[in-house]
Each structure stands twice: as C-alpha cells, then as structure tokens.
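Nothing here was measured: the structure is a model prediction, and the numbers come from that model. Below, chains carry the letters A, B, ... as their sequence lines are ordered, and counting in each starts from 1.
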Number of protein chains: 2
Amino acid sequence: MSSDTSNTRNRILKSVLEQLQASQEKGVRMADIAKRAGISRQALYLHFSTRAELLIETTYYVDRLKGSDKRLAPSRAAETGIERLNAFIEAWGNYIPDIYHVAKALLAMGDTDDAANQAWSKRMSDMKEGCAAAINALDADKVLSSDYAPDQATDVLWTMLSVRNWEHLIIECGWPQEDYVQMLKTIAHKIFVKKQTA
Amino acid sequence: MSSDTSNTRNRILKSVLEQLQASQEKGVRMADIAKRAGISRQALYLHFSTRAELLIETTYYVDRLKGSDKRLAPSRAAETGIERLNAFIEAWGNYIPDIYHVAKALLAMGDTDDAANQAWSKRMSDMKEGCAAAINALDADKVLSSDYAPDQATDVLWTMLSVRNWEHLIIECGWPQEDYVQMLKTIAHKIFVKKQTA
DNA sequence: GGTATCGCTTGACATAGTGTCAAGTAGCAA
DNA sequence: TTGCTACTTGACACTATGTCAAGCGATACC
C-alpha cells in the first residue's frame with residue numbers, strides 16, 4: 001500500500017502532509033519533516049533530491065492515497081453538458097481540500113523554483129482540459145451562452161476554479177466547503193448557460 | 001514631488017519598482033535594489049528597516065505616483081447600483097496593473113512575514129468595502145439577484161476581483177487588459193443582477 | 001565466523017539571502 | 001575647526017537548502 005510507513009519513503013511523504021497541515025501558514029522546513037519522520041535531515045536527500053521534488057512527490061502520494069483518478073468518472077459519464085459542468089465542478093472542488101496544503105507550498109516555491117513551477121503548471125494544464133471538455137459539452141448541446149467563444153469561456157472557468165479562489169472563499173471568507181461547491185455551480189450556470197429563449 | 005529622485009528614499013522606491021518590473025518572475029533581492037539605486041546594500045536599511053517595510057512603502061509610492069485616490073470617484077458618483085458596480089470593476093481592474101508587481105512580491109513574502117501579510121490584508125480589506133458598497137447599491141436598487149445574501153455576494157465579487165485572478169487571465173492566459181475588464185463586467189452582471197421579470 | 005552491503009547517522013561545510021554593527025569618510029554648515 | 005549628515009566598507013550572525021565524508025549497526029551471504 002502507498003500508505004505503508006514501514007517504507008521510509010512513504011513515512012517521509014506522510015510526514016510532509018502532516019507537517020503541512022500542522023503548521024498552518026508557516027513555512028515547512030526540511031528539518032521539520034525529517035524530525036516528524038524520525039530521521040536525520042540529511043537522510044531526506046537519500047530519498048528526494050530537493051525540497052521541490054519532495055513536494056511534487058507528495059502531490060502524487062496524495063493522489064494515490066485519495067484515489068484521485070476516480071474522481072472524474074461522473075463528469076465523463078455525464079449525458080448533458082450541464083451535468084458534465086456540474087459534475088466537473090463538484091469533482092475538482094472537492095479535490096482541492098485534499099491537495100490544498102501541498103499545493104500552497106508548491107505555489108510558494110514556484111516563484112523561485114523552476115521544477116516546482118513546472119510541476120504545478122502541468123497539473124493546472126491537465127485541469128484546464130477538464131474545463132475545456134465541460135465548456136465544449138455545453139457548446140455541443142447548444143446551451144453555451146453566445147457571449148463568449150469556447151476558449152474564452154474555458155479560461156474563465158479555469159480561473160474560477162483556481163486553488164487561490166478556493167483558498168480565498170474557504171480560508172479567508174470562512175465559507176463551508178458545501179457552500180463553495182454550491183456557489184460555484186450556481187455562478188457557472190449563470191455565466192455560461194444560455195438563457196432559455198422559450 | 002513623490003517622484004523626486006534627488007531624495008535617496010524616493011530613488012530607492014523608484015528602483016524597487018523598476019527592479020520588480022525588470023526581473024519578471026525572479027525574486028528581487030535587497031542587493032539588486034541597492035545596485036539600481038546606486039547605493040550600498042546596507043544603506044537601504046538606513047531608510048527602510050526591513051525588506052517587507054520597503055515593499056509596503058513601495059505600494060504607497062505607487063499610489064502617490066498614480067494618483068490612486070482619485071480612481072474611486074466615478075464609482076462613488078454613480079447614480080445606479082449597476083453603474084456603481086461597473087465603475088468599481090473598471091477602477092479596480094485598471095488599478096491592478098499598476099500595483100501588480102509589488103503586490104506579487106508582497107504576497108510572496110506574506111507566507112512567512114507577518115508585516116507583509118498584514119499590509120496586504122489591510123489593502124484587500126479596504127477593497128472589500130468597495131465590493132460591499134457596490135453590492136449594497138445593487139440591493140438598494142432592488143436589482144441584486146435574490147439567489148444570495150449581500151454578504152455572500154460581496155465575498156464572491158471580492159474573490160472575482162482578486163489580483164490572483166487578474167494574474168491568471170492576463171499573465172497566464174494572455175488576455176488583453178481591456179478584455180479582462182470587459183469580461184469582469186459581463187460576468188458580474190450575469191451573476192449579481194436580477195433577471196428582468198418584465 | 002567473517003565480510004559486504006544497505007540504510008541511516010553525524011559533523012562539517014558551501015551557498016544565498018536578510019539584517020546588524022562598528023569604524024571610517026566626504027561634504028557641507030556654523 | 002568642529003560637528004553633523006549621509007553614506008561606505010568589511011565583518012559577522014542567522015536561517016535554510018543542499019553536499020560530502022566518515023562511521024555504524026543490522027542483515028544477508030559465503
């Protein structure tokens with residue numbers, strides 16, 4: 001199992017997550033992680049060559065732990081564009097809390113570290129494809145508002161669903177997670193779905 | 001004048017701005033700023049006690065330089081809620097490009113530095129009042145969508161107008177500034193303004 | 001029983017950046 | 001001449017990442 005802590009590598013990854021959650025707002029140092037994993041600071045580098053690599057691997061660890069690959073199934077199975085949009089918002093919106101702490105650390109590094117920056121960009125670029133698929137599904141159903149080109153709409157949805165916006169509403173404004181998901185569905189509908197001309 | 005560079009302090013502040021704009025994406029060091037201002041690194045500390053203070057003072061310098069205090073006049077003078085919302089989005093949206101580089105540096109520091117964090121939070125909290133005023137103006141005109149309480153709507157508008165979202169659309173997606181402002185007006189209208197029940 | 005290897009420890013060190021301190025200096029003014 | 005202001009220079013403390021070399025204990029193999 002990926003959470004098997006007899007394996008030092010996994011114990012380290014687990015410690016990263018714990019430490020990130022424990023030390024809210026403060027930066028997590030290699031020394032902190034080592035201490036929590038019960039090894040020396042230098043030993044971390046026997047498993048991960050840099051702090052950036054450690055954080056990147058932690059994102060994969062979270063995905064394994066939470067079975068993130070299964071989340072998009074409902075979205076892909078949706079029969080209408082609107083269903084697909086809602087399912088995608090729900091899937092991604094409920095994934096953010098799992099990835100948030102590592103994401104934040106990675107984003108903070110991204111300003112100065114190329115590897116961290118690229119790893120996160122890759123993730124966001126994958127997510128953007130989900131946005132594009134949802135928008136295209138709306139378009140195929142002829143319910144995408146004619147106010148935007150699909151590319152523009154994709155950019156807007158992609159922006160709306162950013163981790164920073166989740167952080168802003170949840171952490172800064174103190175919204176409950178369910179309200180966040182509900183609100184995003186509501187406003188996405190208002191923004192993207194063409195008004196009934198019945 | 002605030003841009004008088006015979007004054008060393010102003011020369012430093014100007015150098016911060018220039019350096020931030022010049023070194024896109026890379027972190028700006030005290031040494032870089034000193035070099036650009038033509039003084040020693042240590043001399044910076046004769047004018048600003050920390051890097052955070054220097055960046056914070058730079059935000060005020062930008063405001064003085066750009067006359068930011070005048071930007072909100074059209075919004076305050078608006079006669080209807082919808083006008084007020086549009087004027088506020090335009091004012092803030094066109095202010096972001098001026099403040100962006102310093103904001104980014106300050107936000108990056110905010111993760112580890114209390115002073116930087118508080119200074120930026122203060123700014124955002126002031127901006128939130130503008131959001132609240134716009135939403136309340138809509139409400140007073142009975143055109144605020146009944147889907148949200150004013151507080152919720154304020155949080156959403158506040159989130160939409162974040163510097164991070166501007167960064168995402170302008171820097172990441174490559175949108176022109178005018179498209180950004182136009183799009184924000186469009187989606188704010190769709191989200192917040194009650195549909196005509198005529 | 002010896003020995004080789006693996007996984008880790010320990011201490012020392014390089015590097016980069018912020019911030020501090022003390023001594024010195026150039027220019028200007030009374 | 002004296003003294004002040006604004007700056008310079010060099011040295012240093014501190015924090016954090018990352019590297020290196022030597023050593024050590026357990027396990028596995030012959």
Task: B:Q152 to B:D147 - nearest heavy-atom pair and separation - done: OE1-O, 4.5 Å
- [ ] Please list residues of residues 47-59 of chain B whose heavy atoms come under 4.0 Å from any atom in DNA chain C, ordered by number; otherwise none.
- [x] B:S49, B:T50, B:R51
Task: Between C:dA14 (P) and A:Y45 (OH): distance, integer Å - done: 17 Å
Task: DNA chain C-proximal residues of residues 28-42 of chain A, any heavy atom under 4.0 Å - done: A:G38, A:I39, A:S40, A:Q42
Open item on the list: Going by the rule salt bridge (charged side-chain N to carboxylate O under 4.0 Å, His left out), which residues pair with A:K35 if we only count those two or more places apart in sequence or in a different chain?
Closed with: none
- [ ] Kindly give the heavy-atom pair with the smallest separation between A:Y148 and A:I191, and that separation in Å.
- [x] OH-O, 2.6 Å
TODO: Write down the atom of B:P150, the atom of B:I135, and the distance for their closest heavy-atom approach.
DONE: O-CG2, 3.7 Å
Task: salt bridge (charged side-chain N to carboxylate O under 4.0 Å, His left out) against B:D126, all qualifying residues, sequence neighbours excluded - done: B:K122
TODO: Using the heavy-atom set of chain B and a strict 4.0 Å cut-off, write down the first and last nucleotide of DNA chain D that makes it in, 5' to 3'.
DONE: D:dC7 to D:dA11
Donor-acceptor pairs under 3.5 Å, side chain of residues 92-100 of chain B to any protein atom, not counting sequence neighbours: which ones?
from   : atom 1 : to     : atom 2 : distance (Å)
B:W92  : NE1    : B:L161 : O      : 2.7
B:N94  : OD1    : B:Q177 : NE2    : 2.9
B:N94  : ND2    : B:E90  : O      : 3.1
B:Y95  : OH     : B:D63  : OD1    : 2.7
B:Y95  : OH     : B:R123 : NH1    : 2.7
B:D98  : OD1    : B:K66  : NZ     : 3.4
B:D98  : OD2    : B:R71  : NH2    : 2.3
B:Y100 : OH     : B:E167 : OE2    : 2.5

TODO: Taking salt bridge (charged side-chain N to carboxylate O under 4.0 Å, His left out) as the test, write out the residues that go with B:R29, two or more places apart.
DONE: B:D32
Open item on the list: Just to verify, what does A:E172 make a salt bridge (charged side-chain N to carboxylate O under 4.0 Å, His left out) with, not counting sequence neighbours?
Closed with: none
What does the list of N/O pairs under 3.5 Å between the protein and nucleotides 24-26 of chain C look like, with a distance for each?
none

Task: Over all atoms of both residues, closest heavy-atom pair of A:A91 and A:L72 - done: CB-CD2, 4.1 Å
Which pairs of donor and acceptor atoms, one on a side chain in residues 75-85 of chain A, lie under 3.5 Å apart (sequence neighbours left out)?
from  : atom 1 : to    : atom 2 : distance (Å)
A:T80 : OG1    : A:E83 : N      : 3.0
A:E83 : OE1    : A:E79 : N      : 3.3

Task: Distance, rounded to the nearest Å, where A:L46 contributes CG and C:dT5 contributes P - done: 18 Å
Task: Over all atoms of both residues, closest heavy-atom pair of B:S68 and B:V62 - done: OG-O, 4.2 Å
- [ ] Take atom CE of A:M109 and atom C1' of C:dA16, then tell me their distance rounded to the nearest Å.
- [x] 14 Å
List the atom pairs, donor and acceptor, that lie under 3.5 Å between side-chain atoms in residues 44-51 of chain A and the rest of the protein, sequence neighbours left out.
from  : atom 1 : to    : atom 2 : distance (Å)
A:S49 : OG     : A:E53 : OE1    : 2.6
A:T50 : OG1    : A:A52 : N      : 3.4
A:T50 : OG1    : A:E53 : N      : 3.0
A:R51 : NE     : A:V28 : O      : 3.3
A:R51 : NH2    : A:V28 : O      : 2.8

Task: salt bridge (charged side-chain N to carboxylate O under 4.0 Å, His left out) partners of residues 127-144 of chain B, not counting sequence neighbours, each pair once - done: B:K128-B:D155
